[in-house]
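All remarks here apply to the structure that follows.
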Amino acid sequence: MRWSQSFIPTMKEVPSDAEVPSHQLMLRGGFIRQLMAGAYTYLPLGVRVLKKAEAIIRQEMDAAGALEIFMPALQPIDLFERTGRKEAFGNVLINFNIRRGDRTVHLALGPTHEEVVTDLMSRHISSHRQMPLTVYQIQTKFRNEERPRFGILRTSEFLMKDAYSFHSSLESLNDVYQKMYRAYCRIFSRCGLDYLPVEAESGPIGGDASHEFMIPAANGEDRIVFCKKTNYAANLERAETGRKPPVIATSADAKPVAKLHTPNVGSIETVCKLLKCKPEKMVKTLIFLADEKPVAVLLRGDHEANEGKIRRALGVKSLEMASPETILAVTSAPVGFAGPVGIKCPIFADHDVPLVVNAITGANEGDYHLANVNVGRDYPLETTYDLRNAAAGDPSPRGEGTLELVHGIEVGHVFKLGTKYSTSMEALYDDETENRQPIIMGCYGIGVNRILAGLAETKHDENGLIWPLAVAPYEVIISVIGANETDTLSAAETFYGQLQAAGVDVLLDDRDLRPGVKFKDADLIGIPLRVNFGGKGLKEGVVELKWRTSAESQRVATADAVKTVLEQLTARRQADAATIPQ
RNA sequence: CGGGAUGUAGCUCAGCUUGGCUAGAGCGCCUGGUUUGGGACCAGGAAGUCGCAGGUUCAAAUCCUGUCAUCCCGACCA
């Protein structure tokens with residue numbers, strides 16, 4: 001492609017609406033343009049990267065035995081009513097009525113395709129002999145995001161590769177799950193992403209039934225913990241800690257309890273400000289309704305409650321924050337002044353709570369807090385639990401090492417669904433004993449746009465984007481210096497034609513601009529290998545090769561240029577391939 | 001949905017507090033010339049219903065009310 005014939009609108013200045021690097025650089029490099037909040041047009045460069053990522057996904061999915069299909073984005077609403085997900089999705093599900101003759105048809109735009117694919121397979125599969133079967137598609141999904149964010153990262157309309165597998169046994173599901181997991185590792189690795197598979201909330205099946213593939217990035221929306229030493233990695237909701245219940249005893253340093261007047265000061269933050277203390281000196285008391293009964297959950301002031309852990313620790317089905325009325329009944333105080341001392345409900349404390357000596361807590365009385373509260377003396381406690389989100393510095397659950405906390409971009413998710421959809425949609429098969437059984441399912445998603453966002457977010461420098469060779473919009477850019485000289489330009493065109501003939505994705509910057517502008521643009525759009533063609537080099541019979549990732553350029557005799565470029569591209573591809581897991 | 005910010009030329013922004021000539025600058029764009037190895041220079045030019053609607057006023061980009069849009073923080077996110 002010749003730059004002069006293409007549509008690559010680069011920008012020198014940073015658009016004011018873009019905050020995060022990936023958004024700024026993709027805008028500045030002419031990869032995307034915004035239509036409205038959460039909807040972007042992909043310009044030629046953006047489309048090329050998307051297509052390359054898609055091609056990698058297709059290759060790996062095909063190799064893993066999945067079959068490509070293509071399902072409608074338009075779906076009848078009753079499918080979602082049957083699985084209860086119309087309710088579950090709520091406002092996120094884009095749905096509307098249309099007129100068809102004298103009828104009204106209620107449609108949804110697919111936020112995902114479990115219902116459609118289960119419906120499809122329920123009609124097709126009748127015997128265990130027809131399984132396992134895995135299908136996938138790459139298709140646009142629609143979700144009415146309450147808050148689209150960070151450019152391309154969180155949009156209302158996005159490209160997703162979604163795969164679904166169908167099984168007559170858990171062993172078969174586990175087998176395909178492993179194949180998909182491996183395919184995902186290969187896909188993200190081939191795309192040049194530094195990814196981290198993390199344990200995620202596993203839903204109905206439990207165990208290791210769900211993994212998310214995360215790109216550690218400062219602007220990621222998810223939080224993940226990992227341990228370098230033991231390779232433990234999990235998302236924050238799921239992450240265990242290696243903490244143990246401490247010895248519960250009143251400290252020898254316990255001071256007498258003091259009652260402090262804290263008018264209208266009910267949050268940890270404001271109490272700390274008023275009393276000039278740190279949140280870790282406080283114990284916060286959260287009142288929940290666990291299976292309809294009020295309980296108090298104690299956490300150190302700077303920690304975050306984890307409702308999943310609390311639910312499991314208490315062995316209850318439902319858990320919700322208590323209403324102000326319940327809090328008043330249990331604590332005799334309005335919201336913000338709850339404490340363990342004298343509270344009228346069972347207490348469950350996190351492991352770190354008994355370790356806070358002379359803690360500050362609510363006084364169970366409006367506008368008052370207590371100082372120097374100590375376990376044993378002031379409130380009873382038999383044991384402690386892991387009730388909070390993991391934090392940086394916690395011990396790894398695998399016995400050694402400590403956890404680190406980083407932000408991440410979720411680019412993929414593999415999930416053992418079980419029979420959730422097959423049961424509600426009556427997708428049944430006959431097993432070996434002629435009994436009807438619900439089909440066991442797995443689902444596996446990849447956010448294709450997020451591969452671009454993740455790369456742009458993590459692979460750039462002050463000059464612009466740095467695409468890995470495998471997904472770069474073009475592998476090579478020829479920056480013609482002195483493109484207004486006919487001889488130079490025609491020599492460059494010959495070189496360009498030779499690279500094209502050799503199967504290289506090459507962009508010819510034939511614009512009649514000053515060299516500086518062209519170099520800046522080439523760096524901005526992040527083409528891996530640049531060839532400076534013309535100028536002083538050409539007079540001496542050489543061209544310059546410069547990799548985007550290296551500071552120096554190499555001078556190569558013009559006659560050897562094609563051969564050298566091909567050799568270096570091959571070498572780079574091989575080096576990249578060496579890092580891909582089997 | 002709660003909190004905060006912004007809307008003036010394709011892009012970045014000034015002007016608004018204290019209303020008053022024909023609404024400005026830089027970049028980009030067009031014409032001509034000089035330049036040509038990391039976002040050149042000179043001269044000339046085109047380009048804006050000041051987000052939209054209503055109000056106050058002799059007079060509104062500027063003040064008031066409403067509304068829409070975008071961004072950020074939070075809540076939400078199979």
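As a basis for the values below, the full set of heavy atoms in this structure was taken, side chains included, without hydrogen atoms, waters or symmetry mates. Note on naming: letters A, B, ... go to the chains in the order of the sequence lines (proteins, then strands), and numbering restarts at 1 for each one.
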Sugar-phosphate, base or nothing in reach of A:R33, heavy atoms under 4.0 Å: nothing
Separation between the C1' atoms of B:U65 and B:G24, rounded to whole Å: 29 Å
Sequence neighbours excluded and cut-off under 3.5 Å, please list the side-chain donor-acceptor pairs for residues 116-123 of chain A, or say none.
| residue | atom | partner | partner atom | Å |
| --- | --- | --- | --- | --- |
| A:T118 | OG1 | A:E114 | O | 2.5 |
| A:D119 | OD1 | A:R123 | NE | 3.3 |
| A:D119 | OD1 | A:R123 | NH2 | 2.9 |
| A:D119 | OD2 | A:R123 | NE | 3.2 |
| A:S122 | OG | A:T118 | O | 3.4 |
| A:S122 | OG | A:D119 | O | 2.8 |

Proximity to the side chain of A:K536 - top-ranked nucleotide from B:A78, B:G38, B:G37: B:G37
Minimum-distance nucleotide to A:F89 side chain [options: B:A78, B:C71, B:G37]: B:A78
Touch class at under 4.0 angstrom, heavy-atom based, for A:F150 against every strand present: sugar-phosphate
Identity of whatever pairs with B:A5 - Watson-Crick or G-U, under 3.5 angstrom: B:U70
Interatomic distance where CZ belongs to A:R511 and C1' belongs to B:G39 [whole Å]: 11 Å
Touch class at under 4.0 angstrom, heavy-atom based, for A:L538 against every strand present: nothing
Any strand: nucleotide that pairs with B:G44 via Watson-Crick or wobble, under 3.5 Å: B:C30
Short side-chain to backbone donor-acceptor contact, A:K520 and A:K12, under 3.5 Å: no
No-H, no-angle donor-acceptor pair, A:R149 side chain to B:G74 base, under 3.5 Å: no
Residue matched to B:U18 through Watson-Crick or wobble contacts both under 3.5 angstrom: none
hbond_proxy A:N484 side chain to B:U36 base (donor-acceptor, 3.5 Å cutoff): yes
Presence of A:S16 side-chain N/O under 4.0 Å of B:U12 phosphate oxygens OP1/OP2: yes
N/O donor-acceptor pair, side chain A:R514 with base B:G37, under 3.5 angstrom: no
Whether A:N306 side chain and A:E237 backbone form a donor-acceptor pair below 3.5 Å: yes
Touch class at under 4.0 angstrom, heavy-atom based, for A:F80 against every strand present: nothing
Interatomic distance where CD belongs to A:Q554 and C1' belongs to B:G37 [whole Å]: 17 Å
Touch class at under 4.0 angstrom, heavy-atom based, for A:Q34 against every strand present: sugar-phosphate
Side-chain donor-acceptor contact under 3.5 Å, A:K161 with A:Y184: yes
Watson-Crick/G-U partner (both atom distances under 3.5 Å) of B:A60: none
Sugar-phosphate only, base, or nothing, as touched by A:G90 at under 4.0 Å among non-hydrogen atoms: nothing
Who pairs with B:A75 - Watson-Crick or G-U, where each distance is under 3.5 Å: none
Check: A:R28 side chain, A:M11 main-chain N or O, donor-acceptor pair, under 3.5 Å: yes
B:C68 versus B:A40 - spacing of their C1' atoms, nearest Å: 43 Å
Under-3.5 Å donor-acceptor pair between A:R147 side chain and B:A75 base: no
Interatomic distance where CG belongs to A:D512 and C1' belongs to B:U35 [whole Å]: 11 Å
Rounded distance in Å between the P positions of B:U8 and B:G48: 15 Å
Test item: side-chain donor near acceptor, A:Y177 and A:H167, under 3.5 Å: no
Sugar-phosphate only, base, or nothing, as touched by A:V517 at under 4.0 Å among non-hydrogen atoms: base
Between A:H303 and A:K284, a side-chain donor and acceptor under 3.5 Å: no
Whole-Å C1' distance, B:C52 and B:G7: 11 Å
Base partner of B:U12, which must satisfy Watson-Crick or wobble distances under 3.5 Å: B:A25
Among B:U70, B:A75, B:A78, the nucleotide that comes nearest once only the side chain of A:E146 is considered: B:A75
Pair of N/O donor and acceptor under 3.5 Å linking B:G28 base with A:E13 side chain: no
Sugar-phosphate only, base, or nothing, as touched by A:A37 at under 4.0 Å among non-hydrogen atoms: sugar-phosphate
Euclidean distance, atom CZ of residue A:R530 to atom C1' of B:G39 [Å, nearest integer]: 13 Å
Spacing of A:E320 atom CD relative to B:C76 atom C1', expressed in whole Å: 17 Å
Sugar-phosphate only, base, or nothing, as touched by A:G482 at under 4.0 Å among non-hydrogen atoms: nothing
Span that lies between the P atom of B:G45 and that of B:A5, in whole angstrom: 42 Å
Complementary nucleotide of B:U36, counting Watson-Crick and G-U pairs under 3.5 Å: none
Selected nucleotide, minimal atom distance to A:E19 side chain, candidates B:G37, B:A78, B:C72: B:C72
Distance-only donor-acceptor test (3.5 Å): side chain A:D521, base B:G39: yes
From CA spacing to verdict: side chain to side chain donor-acceptor pair (under 3.5 Å), A:Q137, A:D162: CA-CA 6 Å; A:Q137 65 170 351; A:D162 48 329; 3.2 Å; yes
Distance between C1' atoms of B:G51 and B:U62 (Å, rounded): 16 Å
Protein-nucleotide distance (A:D17, atom CG; B:G51, atom P), rounded to Å: 15 Å
Among B:G37, B:A78, B:G39, the one nearest A:K420 by side-chain distance: B:A78
